[in-house]
Amino acid sequence: MAKSRLFCLLVALGSVFMILFIIVYWDNVGTANLNLHTSFSKSLLPQSSAELSTAVTVPRNRFVSDVDAFLDHFLNFSTKKSEFQSTKAEKMPLRGPSSLEENVRGYDWSTKEKLEDAILDQEIIQQERKRNLLQFCGNSSFSFPTKERSFDDIPNRELDHLIVDDRHGIIYCYVPKVACTNWKRVMIVLSESLLDKKGVPYQDPLLIPREDVHNTSSHLTFNKFWRRYGKFSRHMMKIKLKKYTKFLFVRDPFVRLISAFRSKFELENEDFYRSFAVPILTRFSNRTSVPDTVGEAFSSGAMPSFSQFMQYLLDPQTEEQRPFNEHWRQVYRLCHPCQIEYDFIGKLETLSEDAALLLRQLNLESLFQFPPSYRNRTASSWEDDWYSKLPVAWRKKLYKLYEADFVLFGYPKPENLLSV
């Protein structure tokens, strides 16, 4: 009888162990990079019993739960985030078929910048950007909604912009209208999450169709973790946030709004027309009727104006009905910079330099040459022309609405637009 009970106990313990082992090993959750299609680098594996002992030694923090410690023990078996190496030697320029917007905007491949000196400068600038963020997220008197909440307080639905690449230990928080289409393409190639028509993972980012790039099924994001890991989902997120390289790209908030307007209301987009243009025209135009389709709206000149778009953003009723769309939602609400300690903060204004530095820091510079800006990208110099026609009172309210993004990411207050 005793032997039978002991056997049952061993079976039960073995089952629990195997479940946890499968979560960590088979489902490819950590820096172990155990994909069947991924080759190991010998330099990344423990070479001796001493190294193995060091590799699996996990610092214990009295605030870390037993489950965290157990999972951390497994994930520490492999590599540190700084040890990820690219496996291809040849650069692949990011070229390929493009969408309507990319055809309209176009990439500027005409110049090849010398980035070596710029990269050295950008390393210093990176430290300044992170210091600025730390300062205003810390004990600064500057306050804004959600500043004081913890990572555990963030609803799961608000973690949908954090894309995870387990193969290289990278987390990217994408911000629409900040080069996110091409960064998403890069993440798809790195994680091998999408196959081309031949059934093999894409290797050239710009060959990935735009509709697939923005399809949520193409990416593993934090908000999907609960489906995989259930009650372990937050533990997994915290371990990855601790071990992976986390980055985001930002942009002057007022210029980003211009870009969003141009992209969604100056190009024919049926979905955005029905979801946003129709409500804007209904609430803020003098029209007695609104065209049924975007084609009819363009033909009759019935699309929303920039002024009407601003009214829509400033009207409290807008967010009472539903949260801002991601294309004009504030960055601090998309990426939670006071709850997540980002390792790299890029800016669209210095995209070429920042992208080159980031790929170098990730040891991926031999894989990709990130594409340059669009030829007619929305520029900061347009700000005065677009906003000067708005009442000063609107501009001040708009600044207040996006003030946190200005302050946290070091963009100067546009005093010339806010003065009477």
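Numbers here are sequence positions counted from 1. Quantities reported herein were computed from a predicted structural model and do not represent experimental measurements. Keep in mind that the numbers below use all heavy atoms, side chains included, and drop hydrogens, waters and symmetry copies.
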(request) Check the pair W394, S307 against side-chain contact (heavy atoms from CB on, under 4.5 Å), reporting the backbone distance first and the verdict last. (result) CA-CA 10 Å; W394 291 14; S307 175; 3.3 Å; yes

(request) For the pair R129 and Q122, evaluate side-chain contact (heavy atoms from CB on, under 4.5 Å) and give the outcome as yes or no after the intermediate values. (result) CA-CA 10 Å; R129 290 174 183 171; Q122 288 305 109; 3.8 Å; yes

(message) Testing Y402, Y411, F406 one by one against F254 for a ring pair (Phe, Tyr, Trp, His ring centres under 6.0 Å), which residue passes?
(response)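 Going through Y402, Y411, F406 one by one, the ring pair (Phe, Tyr, Trp, His ring centres under 6.0 Å) with F254 is satisfied by F406 alone.
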
Any donor-acceptor pair under 3.5 Å from [X] side chain to [Y] backbone:
X: D405; Y: Y332; answer: yes
X: E266; Y: F261; answer: no
X: K177; Y: R251; answer: no
X: H161; Y: T221; answer: no
X: R395; Y: L417; answer: yes
X: N223; Y: R157; answer: no
X: R234; Y: F151; answer: yes
X: K130; Y: Y342; answer: no
X: K238; Y: D152; answer: no
X: S233; Y: G230; answer: yes

To the closest 0.5 Å, what do you measure between [atom1] ([X]) and [atom2] ([Y])?
X: D165; Y: L190; atom1: CG; atom2: CG; answer: 5.0 Å
X: F265; Y: H327; atom1: CZ; atom2: NE2; answer: 10.0 Å
X: Y399; Y: K413; atom1: OH; atom2: NZ; answer: 5.0 Å
X: L401; Y: L314; atom1: CG; atom2: CG; answer: 6.5 Å
X: L334; Y: Y174; atom1: CG; atom2: OH; answer: 8.0 Å
X: Y312; Y: N325; atom1: OH; atom2: CG; answer: 7.5 Å

(request) Give the intermediate values and the outcome of side-chain contact (heavy atoms from CB on, under 4.5 Å) for residues F136 and N132. (result) CA-CA 6 Å; F136 288 105; N132 183 79; 3.2 Å; yes

If we only count heavy atoms from C-beta on, is the [X] to [Y] side-chain gap below 4.5 Å?
X: F306; Y: L390; result: yes
X: D354; Y: F344; result: yes
X: I258; Y: R262; result: yes
X: E148; Y: D153; result: no
X: L362; Y: H168; result: no
X: T293; Y: Y273; result: no
X: M310; Y: L398; result: yes
X: L207; Y: D196; result: no

(request) Before accepting this row, confirm whether a basic side-chain N of the pair R149/E158 lies closer than 4.0 Å to the acidic partner's carboxylate O. (result)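 Answer for the salt bridge query: yes.
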
(message) Can you tell whether the side chains of E326 and R329 come within less than 4.0 Å, N to carboxylate O?
(response)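 Here E326 does not pair with R329 in a salt bridge, since their nearest N and O are not under 4.0 Å apart.
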
Would you check if there is a donor-acceptor pair between the side chains of [Y] and [X] at a distance under 3.5 Å?
X: D384; Y: S388; result: no
X: H219; Y: S193; result: no
X: N182; Y: R185; result: yes
X: Y244; Y: D166; result: yes

(message) Ignoring hydrogens, what is the shortest heavy-atom contact between P176 and R256? Give both atom names and the distance.
(response)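 So the two residues come closest at O-NE, 2.9 Å.
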
(request) Sequence neighbours left out, what pairs pass disulfide bond (SG atoms under 2.5 Å apart) with at least one residue falling in residues 122-161? (result)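 Only C137-C338 qualify under disulfide bond (SG atoms under 2.5 Å apart).
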
(message) Under the rule for disulfide (SG to SG under 2.5 Å), what residues qualify as partners of C335, not counting sequence neighbours?
(response)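 For C335 the disulfide (SG to SG under 2.5 Å) partners, ignoring immediate neighbours, are C173.
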
(message) Among F222, F225, Y172, which residue satisfies the side chain to side chain contact (heavy atoms under 4.5 Å, CB included) criterion with L162?
(response)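 With L162 as partner, F222, F225, Y172 yield a single side chain to side chain contact (heavy atoms under 4.5 Å, CB included), made by F222.
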
(request) Mark yes or no: K264 above the aromatic ring of F276, with NZ or CZ under 6.0 Å from the six-membered ring centre and no more than 45 degrees from the axis. (result)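 Relative to the ring axis of F276, which defines the angle, K264 lies outside at least one limit.
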
(request) Using a cut-off of 6.0 Å, state whether more than 12 heavy atoms not belonging to E341 lie near its atom CD. (result)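 Count not over threshold, so no.
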
(request) Would you check, one step at a time, whether the test side-chain contact (heavy atoms from CB on, under 4.5 Å) holds for L248 with V178? (result) CA-CA 9 Å; L248 79 164; V178 191; over 6 Å; no

